[in-house]
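One structure below.
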There are 4 protein chains.
Amino acid sequence: MARPPGHGAGYETKRQEIIDKAAALFAEKGYAATGIAEVGDAAGLARGALYYYIGSKEHLLVEIQDRVMRPMLAGVHRIAALDEDPVLRLRLLSQTLLENILARLDHVRVYEHDYRNLRGDNRTRLLSQRREFEGVVQQLLVAAMEDGSFRRLDPGLATLQFLNMHNHTYQWVKPGGEWDARSLSREYCATLFAGFAGPGRRFDDIEDHVSDFLAKRETAAPVPIPRSSGRA
Amino acid sequence: MARPPGHGAGYETKRQEIIDKAAALFAEKGYAATGIAEVGDAAGLARGALYYYIGSKEHLLVEIQDRVMRPMLAGVHRIAALDEDPVLRLRLLSQTLLENILARLDHVRVYEHDYRNLRGDNRTRLLSQRREFEGVVQQLLVAAMEDGSFRRLDPGLATLQFLNMHNHTYQWVKPGGEWDARSLSREYCATLFAGFAGPGRRFDDIEDHVSDFLAKRETAAPVPIPRSSGRA
Amino acid sequence: MARPPGHGAGYETKRQEIIDKAAALFAEKGYAATGIAEVGDAAGLARGALYYYIGSKEHLLVEIQDRVMRPMLAGVHRIAALDEDPVLRLRLLSQTLLENILARLDHVRVYEHDYRNLRGDNRTRLLSQRREFEGVVQQLLVAAMEDGSFRRLDPGLATLQFLNMHNHTYQWVKPGGEWDARSLSREYCATLFAGFAGPGRRFDDIEDHVSDFLAKRETAAPVPIPRSSGRA
Amino acid sequence: MARPPGHGAGYETKRQEIIDKAAALFAEKGYAATGIAEVGDAAGLARGALYYYIGSKEHLLVEIQDRVMRPMLAGVHRIAALDEDPVLRLRLLSQTLLENILARLDHVRVYEHDYRNLRGDNRTRLLSQRREFEGVVQQLLVAAMEDGSFRRLDPGLATLQFLNMHNHTYQWVKPGGEWDARSLSREYCATLFAGFAGPGRRFDDIEDHVSDFLAKRETAAPVPIPRSSGRA
DNA sequence: AATGAATGAGCCTTCATTCAT
DNA sequence: TATGAATGAAGGCTCATTCAT
C-alpha cells in the first residue's frame with residue numbers, strides 16, 4: 001500500500017501514465033469489468049511491476065476520482081469567491097465545470113459510474129466532496145434569487161437542475177468534437193438563466209461580461225486546465 | 001440455454017421475480033460486481049435452479065434494459081402521435097419519461113451504467129433504441145421551433161439539454177421521496193420552456209392544459225405505468 | 001465462509017476427508033509452504049470445488065487445531081474429575097495425552113508448528129485452550145505435592161517438565177512404530193514420578209492400579225480414541 | 001549467487017546483522033510466511049543490496065541452522081570428552097544445551113520448526129548432525145547405566161526422554177525471564193537423574209560437583225557462549 | 001556497496017456455468 | 001422444478017529473484 005520511500009526520477013511520471021491508461025480502460029468497460037492485467041498490458045508492464053506503482057486496484061480508482069474532484073472543487077471555490085455578480089459567477093462556474101469534464105472525459109465517466117466500488121473512508125470522502133460541490137452551486141443560486149435576478153425557486157431543485165444539465169454532458173459529448181466548453185456553457189446558461197429569470201430580468205449581455213472577465217484574467221494570470229496526464 | 005418449451009403455471013411469475021431482484025442488486029453494486037450467487041440468494045433459489053429461469057447473466061441484463069426501454073419508447077411514441085400542440089406534447093413526454101424513471105429507478109440506473117457490459121446484437125439494438133428515442137424528442141423540439149413557440153436553437157443541442165435535464169434525475173431522486181413525476185416535470189419544463197421560448201412567448205397556462213388533457217385521458221382510458229415486477 | 005445451509009449426505013464425509021489430506025500435507029511441508037492447489041490435488045478436487053467445502057485455507061487450519069484440542073481437553077477434564085489418587089490420575093492423563101498424540105500425529109505437528117499463522121479470534125481461542133490444558137495438569141501436580149506423594153517443586157516448572165516430556169514426543173515418534181501410548185506413558189511416568197517423588201515415596205504398583213482402572217472402565221464403557229478422519 | 005570474492009571491511013559484520021534480523025523474523029512468523037522484503041526492511045536495506053549479502057532466502061535459513069548446530073555440537077563433544085563421571089558430564093551437557101537454547105532462542109525456534117524448508121544436501125547434513133548429537137547423549141546415558149548410576153533403561157528411549165525435556169524448552173521459556181540455564185538444568189537433571197537412578201543411588205551432591213567444575217574451568221579458560229550476532 | 005525497477009510464477013479466492021440426479 | 005456438486009478460468013495480489021546503473 002505505502003509506496004517505497006525513495007523512488008527515482010521517472011517514478012511519478014510512470015505512475016501518472018498508468019493512471020491515465022487505467023482511466024481510459026475503466027471508462028470504456030467499467031471498473032469492475034476491467035482486469036488489472038489489462039491495465040498492465042496497456043501500460044506495457046508486467047503484473048508485478050504494476051503493483052510497484054499502484055498499490056491496489058482500488059487505489060487506482062481513488063486517484064482517478066481525485067483527479068476529477070480536486071481541480072473541480074478548487075475551480076469552483078475560486079470562482080465562488082470572486083467579487084462579481086452571482087449570475088456571472090454561475091456562468092463562469094458552468095464553464096469551469098464543463099472545461100473539467102471535457103479535459104478528463106474518461107475520468108469523469110469513471111467518477112460518475114464507479115464510485116460505488118469504493119468502500120469505507122474513500123467512499124465517505126467522495127460523497128462529502130460531492131455535497132461540498134453542490135453546496136457552492138446552491139449558494140450562488142440563492143444569491144441570485146435574493147438579488148432578484150432569479151425568481152423564487154426551490155433551492156435544492158434549482159441546484160439539481162443546474163447539475164443535471166451539466167453533469168449528464170459526459171454521456172454524449174466527444175473530445176475534440178463539435179462542442180467546446182465555452183459554447184456549451186453559453187448555451188446551457190442561456191437556457192437555464194432565462195428559465196430561472198426573475199420577472200422582467202434578462203441576461204442578454206452576460207456573454208460580454210464573460211469576455212471582459214476572461215480578457216482581464218488572461219492578462220493577469222492564465223489558469224490552465226491541466227491535461228489528463230500529470231497530477232492536478 | 002433457451003427457455004424450456006413447456007413450463008408450468010408459476011414459471012413466468014418466478015422469472016419476473018428473479019429479474020426484479022437482479023435489478024435491485026445490479027443497481028446497488030453494479031452488474032459486473034454482482035455475483036450470480038447473490039441473485040440466487042436474493043431469489044431464494046440455488047444456483048442450478050436459477051439457470052433454469054435466466055439462461056445467463058447477460059440475459060438478465062438484457063431483460064432489465066428491455067423493461068426500461070420498451071415502455072419508454074411506447075409511451076413516447078404514443079404521446080408524439082397526439083393531436084396536440086408540440087409544447088404540450090413535450091410537457092407530457094417529460095412527465096411520462098419521469099414516471100418511467102421513478103417507477104423503475106433501479107432498472108434505470110442499470111440501464112444508464114451497465115449497457116457497456118452488453119455485447120454484439122444486444123448492444124446494437126440498445127443503441128438504436130436510444131437514437132430512436134432521441135429522434136422523437138428532437139422532432140417535437142423542431143416542431144415547436146417551427147411554430148415559433150421556441151426560438152431557433154441547434155436542434156441537436158436542444159435535444160441534449162432536454163435529455164440531460166431528465167436523464168440525470170435517476171442519480172439523486174429517491175422513490176417515495178419529496179418529488180413525484182408530475183411536480184418534477186412541471187419544474188423542469190418551466191425552466192426549459194422559458195429558456196427555449198421564442199420572442200414574446202410565454203407558457204403560463206401549460207399546466208392547465210396538462211390538467212385538462214389528463215382529465216380527458218383518465219375518463220377515456222387509464223394508461224397505467226406498470227409496476228416493477230411483471231412484464232411491460 | 002458460511003457453508004451452504006443444505007448439503008447432501010456425502011458432504012461432511014468429503015469435508016473430513018479433505019481436512020485429513022490437508023493435515024498430512026501441512027505436517028509434511030508446513031502450513032505456509034503448502035498451496036491450496038496441493039490440497040486439491042491430494043483430495044482429487046479442482047480448486048473451485050475445494051472451496052465449496054473448506055471456506056478458506058485458514059479455516060482448514062482452525063479445524064485441524066480443533067481436532068487436536070477438543071478431544072485432548074475433553075479427555076483431560078474427564079480424567080482430572082475422577083475420584084482417584086492424584087498420581088494415578090496423572091498417569092492416566094499422560095496416557096490419554098499420548099494416545100491423542102499418536103492417533104493424530106500429523107495434526108499435532110501442525111498444532112505445534114503452525115498456530116502462528118492463525119490470527120485474531122482463532123489465535124486467542126487457541127492460546128486460551130492451551131492455558132486451560134496446562135492449568136489442569138498443574139492442579140494435579142499440586143494435589144500430589146500436597147498429599148506428600150511428590151516433593152515440593154515449583155508448580156509452574158513441574159508442569160512444564162511434565163509437558164516438555166510429553167509434548168515433544170511428536171517430533172520423533174512414528175505411527176505404528178516401536179512405541180505405543182501405554183508403554184510410553186509407563187516409561188515417561190516412571191521417570192517423572194521417581195524424579196518428583198517425595199521423601200520415602202515410591203510408586204512401584206502404579207501400573208497395577210492402571211490395569212485395574214482400565215479393566216473397570218472397559219467393562220463399564222469403552223472410550224475409544226477417534227481415528228484421524230471423522231470429527232472428534 | 002556466490003559471495004563476491006573481494007569484500008570490504010564491514011561486509012561480514014553487516015552480513016551477520018542481516019542474519020540476526022532474519023532469525024528474529026523467521027522465529028516470529030515462520031520461514032515460509034516471512035518475505036525477503038521484510039528482512040530487507042528490518043535490516044534497512046533495499047532488496048537489491050540484500051542479495052548482495054545473502055545469496056538466497058534458503059541460504060539465510062542454512063546459516064541460522066548452522067549458528068545453532070555448530071556451537072551445540074562443539075560444546076557437547078567437548079563435554080563428552082571430559083574425564084569426569086558420566087552423570088556429571090550429563091549434567092554439564094544439559095546446561096550447555098540450555099545455555100545455547102537461551103542464548104539464541106529465536107534461532108532455535110527456526111531450527112526446530114523450519115528445517116522442513118531445506119532441501120537436498122542442506123537437509124541431509126542437518127539430519128546427520130542431529131543424529132550425531134543424539135549419539136553423544138546416548139553414549140553418556142549408557143555409560144551411566146553401565147557403572148550402575150542409572151538403572152537399565154532402553155537406551156533409545158532414555159535419550160529421547162532427556163531430549164524431550166530439554167528441547168521443548170524453547171516453546172515456553174522467555175529470554176531474560178524467570179529461568180536461567182543453570183537453574184533449569186539443575187531442576188531438569190534433578191528430575192531425570194532421580195528418575196533414572198539405579199537402586200540405592202542418589203545424586204545429592206551433583207550440584208556441588210558442578211560448582212567445583214565450573215570454578216576450575218573459569219580460572220583455566222573461559223568458554224563464552226557467543227552472542228546471537230557474530231559467527232560461532 | 002547499494003538502488004530502484006522489473007519480472008513472471010505462484011498465491012488464495014471467486015466466478016459464471018454445467019449437469020446428474 | 002430444483003438441488004448440490006463440480007469445473008476451470010480468471011480475479012487481485014505477493015513473491016523471490018535479477019540486473020542495469
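Worth knowing before you read on, the calculation uses all heavy atoms, side chains too, and leaves out hydrogens, waters and symmetry mates. Numbered from 1 within each chain, the chains take letters A, B, ... in sequence-line order.
The OH atom of C:Tyr52 sits 12 Å away from the P atom of F:dT3 (whole-angstrom rounding). Computed from coordinates, the D:Asp41 CG to F:dT14 P distance equals 14 Å when rounded to whole Å. Look at CG on C:Leu50: it is 10 Å from P on F:dT7, rounded to the nearest Å.
Among the nucleotides E:dA5, F:dG4, F:dA10, the one closest to the side chain of C:Arg47 is F:dA10. For C:Lys57, taking side-chain heavy atoms from C-beta onward, the closest of the listed nucleotides E:dG4, E:dC12, F:dA16 is E:dC12. Listed candidates were F:dC13, F:dT17, E:dC12. Nearest to the side chain of A:Ser56 is F:dC13.
The pair D:Lys21-D:Asp41 does not count as a salt bridge, with every side-chain nitrogen at least 4.0 angstrom from each carboxylate oxygen.
Remark on DNA chain E: of its neighbouring residues A:Ala46 and C:Tyr51, the 5'-side contact belongs to A:Ala46, judged by nearest-heavy-atom nucleotide. Nearer to the 5' terminus of DNA chain F, by closest-nucleotide assignment, is the contact made by C:Ala49 (compared with the other of A:Glu38 and C:Ala49).
Side-chain atoms of B:Arg70 and B:Gln65 include no donor-acceptor pair closer than 3.5 Å.
Scanning all heavy atoms of the two residues, the minimum distance from D:Ala23 to D:Val110 falls at O-CG2, 3.8 Å. The shortest non-hydrogen separation linking C:Val68 to C:Val108 is CG2-N, 4.0 Å. What you find for B:Val39 and B:Ala22 is that their closest heavy atoms are CG1-CB, 4.1 Å.
Between the A:Glu112 side chain and the A:His107 main chain, no donor and acceptor come within less than 3.5 Å of each other.
Note on C:Gly48: a base of the nucleic acid sits closer than 4.0 angstrom, heavy atoms only.
Of all the residues in residues 21-31 of chain A, not one reaches under 4.0 Å from DNA chain E with any non-hydrogen atom.
Base pairing in DNA chain F yields stems of at least 3 consecutive Watson-Crick or G-U pairs, both distances under 3.5 Å, namely E:2-21 with F:2-21.
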